Undergrad: 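I am attaching a structure below and will ask some questions about it afterwards.
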Amino acid sequence: MKIFADDWPRKILHVDLDAFYPAAEVLDDPELAGRQVIVGGLGRRGVVSSASYEARELGVHSAMPMAEARRRCPDAIYLRPRFSRYRELSRQVFAIFQAWSEQVEPLSLDEAYLDVTGHLSSPVEIAKSIRTSIRRKTGLTASAGVSFNKFLAKLASDFDKPDGLTVISPTDAEEFLRPLPVGMLWGVGPATAEKLIEAGYSTIGQISTAEPEALTGLIGRGGKQVWDFAHGRDNRPVERPSRPKSISEETTFERDLSSWHEVWPSLVKFAEDVGESLGRWSLSARTVTLKVRFHDFATITRSLTSGQMVRQSEDLLAAAKVLVGRVPLDGRRVRLVGLGVSNLEDEGDGEPSRDDFHTPQMSLWEES
Ligand SMILES: [Mg+2]
């Protein structure tokens with residue numbers, strides 16, 4: 001391995017904290033070390049946000065209904081997320097990233113790409129130094145991937161989790177990719193992977209030797225990009241994000257859903273993700289919007305605007321609940337659901353602090 005990577009086209013890192021929420025809980029309560037720790041919604045319809053590696057061994061993963069997690073891990077410690085604490089740790093970690101590069105692209109509270117191309121130090125040394133700093137300053141462990149583009153850097157950081165460091169150099173890339181399953185290609189979700197596998201492409205190596213036109217015929221315009229990724233090519237820049245005017249999350253279901261009960265876990269996840277994004281930007285929102293697309297592609301949005309600024313996931317979820325109540329399904333099936341916020345403002349310093357077990361402010365969203 002060339003340590004200085006002088007001949008790499010770019011030097012990109014992907015750094016990702018290991019099981020961040022449970023790890024933060026263990027940090028603050030060392031008695032939890034080595035235990036199955038599961039963080040998420042504890043209500044009747046709660047979903048798992050993140051599970052410690054001990055719980056993952058029993059098949060618990062994020063977005064799993066909490067009831068299922070409890071079946072698999074009856075002896076685990078179950079905790080609600082404490083986002084204010086996670087944000088505090090996240091700020092310390094991002095300060096470390098920013099000390100090494102101005103080009104930092106956050107993916108979530110605990111994960112980012114860094115472009116260190118212009119740096120004199122080798123990217124491997126930078127990754128080692130970042131991992132050491134994170135451990136010293138926060139007590140948390142992070143995994144890092146070092147490569148010459150974003151796709152490979154992220155793949156690398158995932159390769160040896162937890163507490164790993166993996167390097168994929170330009171000369172190693174194709175060999176590294178060849179045996180991996182197609183589902184590990186960026187942008188290939190379960191449905192696309194299934195199509196590719198049915199057509200005889202189950203490894204990334206098989207994709208790389210295919211004709212790009214054959215892939216395009218199979219999965220559409222994304223086929224060329226998948227082919228490029230299979231060859232380890234990815235020109236996407238590491239982008240410093242600009243301050244958003246609105247934040248939203250949405251998903252199209254694999255099959256249309258016929259009840260709000262089935263849709264709800266997605267809204268719980270979105271409320272959490274949108275709340276996390278608001279926190280990252282130190283923004284609060286005045287308006288919450290629910291978007292629903294039905295099986296016949298008819299699409300509606302319903303919004304609530306509050307006199308008070310909100311940013312907590314619980315408040316977003318309370319709004320979602322009111323909005324869901326305004327959209328009777330009447331036999332229609334749900335193809336897509338989304339949750340978003342707009343009318344964003346910088347959060348003042350006078351924000352009332354709330355404890356982590358506060359009751360959502362249902363009154364904010366009462367029908368007027
Ligand atoms: Mg992580």
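This structure is a prediction, so every number in the text was calculated from the model and none was measured. Both counts, for ligands and for their atoms, begin at 1 and track the order of listing.
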Undergrad: What's the atom name of the N, O or S in D16 nearest to the Mg ion (ligand 1)?
TA: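 Considering only N, O and S atoms, D16 comes nearest to the Mg ion (ligand 1) through OD1.
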
Undergrad: Does any N, O or S atom in L17 come within less than 2.8 Å of the Mg ion (ligand 1)?
TA: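 Here the distance criterion (N, O or S atom, under 2.8 Å) is met by L17, so yes.
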
Undergrad: If the cut-off is 2.8 Å, does any N/O/S atom of D110 fall short of it from the Mg ion (ligand 1)?
TA: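 So D110 counts as coordinating the Mg ion (ligand 1), yes.
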
Undergrad: If you group Ile, Leu, Val, Met, Phe, Trp and Tyr whenever their side-chain heavy atoms sit less than 4.5 Å apart, what else falls in with Y113?
TA: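 Listed partners: I12, L107, V238.
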
Undergrad: Is a side-chain donor-acceptor pair under 3.5 Å present for S50 with S62?
TA: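 There is no such pair (donor and acceptor under 3.5 Å, judged by atom type) between the side chains of S62 and S50.
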
Undergrad: For the Mg ion (ligand 1), decide whether D18 has an N, O or S atom at a distance under 2.8 Å.
TA: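 Coordinating: no.
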
Undergrad: F176: which residues meet the ring pair (Phe, Tyr, Trp, His ring centres under 6.0 Å) condition with it, sequence neighbours left out?
TA: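 Once residues adjacent in sequence are excluded, the partners of F176 under the ring pair (Phe, Tyr, Trp, His ring centres under 6.0 Å) criterion are F159.
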
Undergrad: Check whether any side-chain heavy atom of L267 sits under 4.5 Å from a side-chain heavy atom of L290, and report yes or no.
TA: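 Yes; the side chains approach each other to less than 4.5 Å.
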
